[in-house]
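In what follows, chains carry the letters A, B, and so on, assigned in the order in which the sequence lines appear, proteins first and then strands, with residues in each chain numbered from 1.
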Protein chains: 2
Amino acid sequence: MNLKQLAHMLALSQTTVSRALNGYPEVNEETRRRVMDAAKRHGYRPNPSARRLATGKSGMIGYVLPTGAAVDIDPHFVEFLSGLGDYARAHELDLVLSPADADDQETTYRRIVANRQVDAVYISSPGPADRRVALVNTLGIPFIVHGRSEGSGFDYPYLDIDNEGAFREAARLLVQLGHRRLALINGDNRETFAIHRERGVRRALAASGLTLGDSHVCSVVMTEENGYRATRRLLEQDDAPTAIACSSLIMALGVVRAVRDLGLTIPGDVSLIAHDDVFPWLKPENFSVPLSTTRSSIRLAGARVAERLAARISGLEEGARGEVWPVDLVVRGSVAGAPG
Amino acid sequence: MNLKQLAHMLALSQTTVSRALNGYPEVNEETRRRVMDAAKRHGYRPNPSARRLATGKSGMIGYVLPTGAAVDIDPHFVEFLSGLGDYARAHELDLVLSPADADDQETTYRRIVANRQVDAVYISSPGPADRRVALVNTLGIPFIVHGRSEGSGFDYPYLDIDNEGAFREAARLLVQLGHRRLALINGDNRETFAIHRERGVRRALAASGLTLGDSHVCSVVMTEENGYRATRRLLEQDDAPTAIACSSLIMALGVVRAVRDLGLTIPGDVSLIAHDDVFPWLKPENFSVPLSTTRSSIRLAGARVAERLAARISGLEEGARGEVWPVDLVVRGSVAGAPG
DNA sequence: AGAGTCTTCCAAAGCGCTTTGGCTGTTTCG
DNA sequence: CGAAACAGCCAAAGCGCTTTGGAAGACTCT
């Protein structure tokens with residue numbers, strides 16, 4: 001059942017039927033009703049390929065997926081996707097993942113924009129002066145950045161959580177508890193969130209006249225194994241920290257294991273606070289010692305990004321509005337006063 | 001730069017240019033070369049919307065993503081996606097995720113097929129007589145099932161791992177080590193993989209005249225917390241098992257925690273084998289006691305599914321060929337002889 | 001009553017590609 | 001040498017929608 005048939009059946013022109021269906025004003029309300037009715041009754045659905053060719057709009061949002069044998073997709077992605085999908089479903093938006101060589105994403109961005117394959121894109125895990133953000137900005141497609149890219153020299157729309165504030169508060173709490181030697185086990189510091197978190201810790205320490213020693217901070221890909229190794233390294237050095245801030249629950253698993261392997265305890269010897277993106281399958285309250293966390297649902301962020309993308313597509317949102325969400329600090333058993 | 005302009009520039013008809021570019025035979029080789037050359041020089045890329053409208057082919061593969069506030073996307077998904085994307089990139093295929101109400105995926109399947117939005121789809125985590133498989137089969141779109149759906153009454157193409165064999169071998173090893181009371185902490189038993197794994201364990205036990213008691217098997221969503229709870233329940237009952245087979249590494253985290261909480265040890269009191277889908281961020285060899293596993297890379301499966309989908313799209317693969325991959329049994333420190 | 005203004009609808013021209021049906025000139029073969 | 005076969009190209013008709021530029025009729029206003 002296509003437009004032509006429907007129009008013929010109603011003894012109307014395709015023009016009128018199309019306008020009736022798309023809510024244009026120049027059509028009699030009764031006619032519109034007749035058309036809507038017939039469309040529903042016959043299950044008419046406009047062919048998206050045809051519509052796309054005519055309008056250039058695709059009803060899809062895009063994401064360039066970096067791939068490659070050495071590239072791992074972050075498990076956070078799936079939670080973000082959950083939220084995104086949840087919103088997108090309610091608004092009949094599809095999501096297209098365009099796999100790209102991790103080292104050459106530009107080609108793919110150019111392709112999907114030139115081909116008008118998607119109406120908007122989002123970018124995640126940006127780094128400082130991220131090239132993708134600059135590119136997408138000049139290409140002129142609606143977009144939202146999940147995270148921030150500092151030093152780009154222009155404004156852009158983004159959604160981020162207050163990573164600096166979160167880790168500042170976490171560190172401040174630890175300092176208040178008497179800790180003087182803090183350590184930070186961070187994510188890859190080519191990403192802004194890691195930079196912000198480090199800044200947050202440094203600021204909190206500075207406020208009490210303390211510093212974060214070079215040997216007390218490590219930036220690694222957030223795996224359990226890296227959490228373990230970092231912790232071993234930290235705790236086996238001379239001025240071992242008495243408190244650790246950690247950028248992910250998965251790494252925290254490794255931290256806990258390392259602490260135990262060294263015959264130490266949490267929070268007796270080491271206090272621990274980790275960032276929790278809220279996974280359904282791994283919860284901080286279920287750690288052997290319940291884990292204090294800075295908590296922010298990445299799933300909610302996914303839904304919000306979808307919502308804003310939809311708004312930008314339909315012209316409801318414009319400009320370079322940045323949105324920063326506060327982060328909860330949830331104190332559980334893994335923190336205590338400094339030993340000694 | 002569109003076809004018309006390119007044709008005009010070459011003083012050829014659109015027909016000839018189109019045919020030259022698409023490798024049709026009825027065009028002089030020299031002409032073809034000229035066309036190909038000019039196309040490359042001017043960076044001509046056929047408009048996919050137009051091509052799609054004309055041919056009905058989209059160059060995309062589809063996946064219906066169940067969503068909803070209560071629906072969690074499996075973290076395995078991201079690894080599968082990694083492999084899929086890796087292959088898809090090399091073949092210029094995009095992946096479109098169509099979010100659907102988890103309780104009504106049929107509408108979405110019908111839509112993406114009717115609209116010809118994708119050239120093929122894959123289905124994951126099927127259950128017995130899965131309705132999606134039947135639906136997609138009748139809709140007549142190329143597809144591959146990742147996993148199996150038994151009792152459908154028809155054949156279909158799939159890729160699965162030998163879950164039964166894997167867990168049979170795992171259980172057999174435990175029995176050989178003298179264990180008489182095994183337990184299985186399984187995934188949701190509405191999914192075929194869980195059924196197969198249980199069957200594998202039962203067969204291995206039966207071969208030695210043993211059985212799997214009802215109180216020794218649990219089917220739960222695969223979270224750390226559920227792994228913990230199941231283990232507590234198992235080990236606190238009267239005829240507690242001395243060995244546990246577990247369907248996922250994430251659940252195994254909970255198992256380990258529960259065993260420790262009960263003051264027991266692995267493998268002293270309890271032997272443990274878990275299935276490992278090979279995550280980059282959580283490795284069995286890094287468990288406090290290195291974990292024995294049945295191992296099969298879900299990422300490789302993703303790549304293979306993409307490969308077969310591409311083959312089916314281009315007509316290279318046909319029929320209902322099923323493919324079952326063997327699973328490695330990797331023995332590490334978490335298994336030992338039965339206590340006592 | 002005539003000019004202007006709405007309202008409501010339509011024919012037709014795209015959007016950029018593929019594919020059908022045919023046309024021209026050259027080669028092949030009985 | 002004439003018919004048949006073939007190679008190589010083209011014009012035009014789709015694919016199914018949106019949108020432009022009217023047109024016809026009803027209505028208002030002077």
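- The backbone N or O of Ser18(B) sits less than 3.5 Å from a side-chain atom of Asn22(B), completing a donor-acceptor pair.
- Salt-bridge formation is detected for the pair Glu323(A)/Arg308(A): a Lys NZ or Arg NE/NH1/NH2 atom is positioned less than 4.0 Å from an Asp or Glu carboxylate oxygen.
- In this structure, Arg131(B) has no side-chain hydrogen bond (donor to acceptor under 3.5 Å, both in side chains) partners at least two apart in sequence or on a different chain.
- Salt-bridge annotation for Arg89(A) and Asp94(A): absent, with no side-chain N of the basic residue lying under 4.0 Å from a carboxylate O of the acidic one.
- Chain B approaches DNA chain D within less than 4.0 angstrom (heavy atoms of the protein), and the contacting nucleotides run 5' to 3' from dG8(D) to dG16(D).
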- Message: Assess the residue pair Arg41(B) and Asp37(B) against the criterion (salt bridge (charged side-chain N to carboxylate O under 4.0 Å, His left out)); give the C-alpha distance rounded to whole Å, side-chain angles, the decisive distance to 0.1 Å, and a yes or no.
- Response: CA-CA 6 Å; Arg41(B) 207 169 44 248; Asp37(B) 211 62; 2.9 Å; yes
- Task: Dump the intermediate steps for side-chain contact (heavy atoms from CB on, under 4.5 Å) on Arg52(A) and Lys57(A), then the final yes or no.
- Result: CA-CA 5 Å; Arg52(A) 168 187 305 201; Lys57(A) 296 269 160 193; over 6 Å; no
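- In this structure, His91(B) has its ring center closer than 6.0 angstrom to the ring center of Tyr87(B).
- Asp72(B) has a carboxylate O that lies under 4.0 Å from a charged side-chain N of Arg299(A), or vice versa, which qualifies the two as a salt bridge.
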Below 3.5 Å, can you tabulate the donor-acceptor pairs from side chains in residues 144-151 of chain B to any protein atom, sequence neighbours excluded?
residue: Arg148(B); atom: NE; partner: Asp160(B); partner atom: OD2; Å: 2.8
residue: Arg148(B); atom: NH2; partner: Asp160(B); partner atom: OD2; Å: 3.3
residue: Ser149(B); atom: OG; partner: Gly127(B); partner atom: O; Å: 2.9
residue: Ser149(B); atom: OG; partner: Ala129(B); partner atom: N; Å: 3.2
residue: Ser149(B); atom: OG; partner: Asp130(B); partner atom: N; Å: 2.8
residue: Ser149(B); atom: OG; partner: Ser152(B); partner atom: OG; Å: 3.2
residue: Glu150(B); atom: OE1; partner: His196(B); partner atom: NE2; Å: 3.4
residue: Glu150(B); atom: OE1; partner: Arg199(B); partner atom: NH2; Å: 3.1
residue: Glu150(B); atom: OE2; partner: His196(B); partner atom: NE2; Å: 2.9

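- Taken residue by residue, residues 13-32 of chain B places heavy atoms nearer than 4.0 Å to DNA chain D at Ser13(B), Thr15(B), Thr16(B), Arg19(B), Glu26(B), Val27(B), Asn28(B), Thr31(B).
- At a non-hydrogen distance threshold of 4.0 Å, Leu53(B), Ala54(B) from residues 35-60 of chain B come into contact with DNA chain D.
- Residue Ala11(A) is in sugar-phosphate contact alone, with no base atom involved, counting any heavy-atom pair closer than 4.0 Å across all strands shown.
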- Task: Decide side-chain contact (heavy atoms from CB on, under 4.5 Å) for Asn2(B) and Asn47(B); before the verdict, give the C-alpha distance in whole Å, the side-chain angles of both, and the deciding distance to 0.1 Å.
- Result: CA-CA 8 Å; Asn2(B) 58 20; Asn47(B) 178 319; over 6 Å; no
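- Residues Glu106(B) and Arg132(B) are not paired through a salt bridge, judged by the lack of any N-O separation under 4.0 Å between the basic side chain and the carboxylate.
- Between the axis at the start and the axis at the end of the helix from dA1(C)-dT30(D) to dG30(C)-dC1(D) there is an angle of 50°, using five pairs per end and rounding to 10 degrees.
- You'll find the side chain of Trp325(B) reaches within 4.5 Å of the side chain of Leu300(B), heavy atoms only.
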